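Everything numeric here is computed off the predicted structure, so don't read it as measured data. The figures that follow rest on heavy atoms only: side chains count, while hydrogens, waters and symmetry mates do not.
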Amino acid sequence: MDYKMPFDTLLRIGMSDDYPSSHYVFETQGHQISIADERLGEALSQIESAGRNLLLLAYFLDLNDREIGALLGIPRSTIQRRRQRFLDQMKQLLKE
């Protein structure tokens with residue numbers, strides 16, 4: 001009996017040429033965030049850890065300033081100012 005596996009099943013069990021060792025991996029609030037883009041990963045690694053965590057929460061975990069503030073015990077307005085400051089630093093680093 002000749003059995004052929006459905007294509008969608010093959011896709012689910014197939015392999016990929018994506019090597020996690022070439023990614024930047026950051027951890028924040030119990031989440032590991034893998035960044036494949038070398039420039040972005042390098043820029044994030046140059047930001048102080050508090051700022052990097054804030055940016056990861058905002059832009060990779062999609063939390064708003066109020067949610068981040070509640071999580072970190074910091075007022076929303078402070079989160080907003082810090083997020084903008086660290087985002088400006090990221091922009092500067094990415095220009096270099």
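Leu61 is not listed as a side-chain neighbour of Ile68, based on a closest heavy-atom distance of 4.5 Å or more. Under the 4.5 Å side-chain criterion, counting only non-hydrogen atoms from C-beta, Asn53 is not in contact with Leu72. Residues Arg81 and Thr78 meet the side-chain proximity criterion, which asks for heavy atoms closer than 4.5 Å. Within the 4.5 Å cutoff, no side-chain heavy atoms of Tyr24 are placed close to those of Leu40. Taking the side chain as every heavy atom from C-beta outward, Phe26 and Leu44 approach each other to under 4.5 Å.
Atom CD of Glu38 sits in a sparse spot, with 12 or fewer heavy atoms from other residues, nucleotides or ligands closer than 6.0 Å. The neighbour count for Asp88 CG, taken as heavy atoms of other residues, nucleotides or ligands under 6.0 Å away, is above 12.
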Run the side-chain contact (heavy atoms from CB on, under 4.5 Å) check on His31 and Leu56 step by step: do they pass? CA-CA 10 Å; His31 297 276; Leu56 292 170; over 6 Å; no
Show your working on side-chain contact (heavy atoms from CB on, under 4.5 Å) between Leu87 and Tyr59 and close with a plain yes or no. CA-CA 10 Å; Leu87 189 58; Tyr59 297 104; 3.3 Å; yes
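To the nearest 0.5 angstrom, Met90 atom CE is 7.0 Å from Leu93 atom CG. Here the CZ-CD distance, from Arg52 to Glu27, works out to 11.5 Å after rounding to the nearest 0.5 Å. One distance of note links CD of Gln92 with CD1 of Ile47; it measures 10.5 Å at 0.5 Å rounding. Here Gln32 contributes atom CD and His23 contributes atom NE2; the two are 13.0 Å apart, rounded to the nearest 0.5 Å. Between Leu63 atom CG and Thr28 atom OG1 the span is 9.0 Å, to the nearest 0.5 Å.
Residues that satisfy the salt bridge (charged side-chain N to carboxylate O under 4.0 Å, His left out) test with Arg83, not counting sequence neighbours, are Asp65.
Between the side chain of Glu67 and the backbone N or O of Asn64, at least one donor-acceptor pair lies under 3.5 Å. Using modelled atom types, no side-chain atom of Arg66 and backbone atom of Arg76 make a donor-acceptor pair closer than 3.5 Å.
For Gln89 and Arg85, the side-chain atoms include no donor-acceptor pair closer than 3.5 Å.
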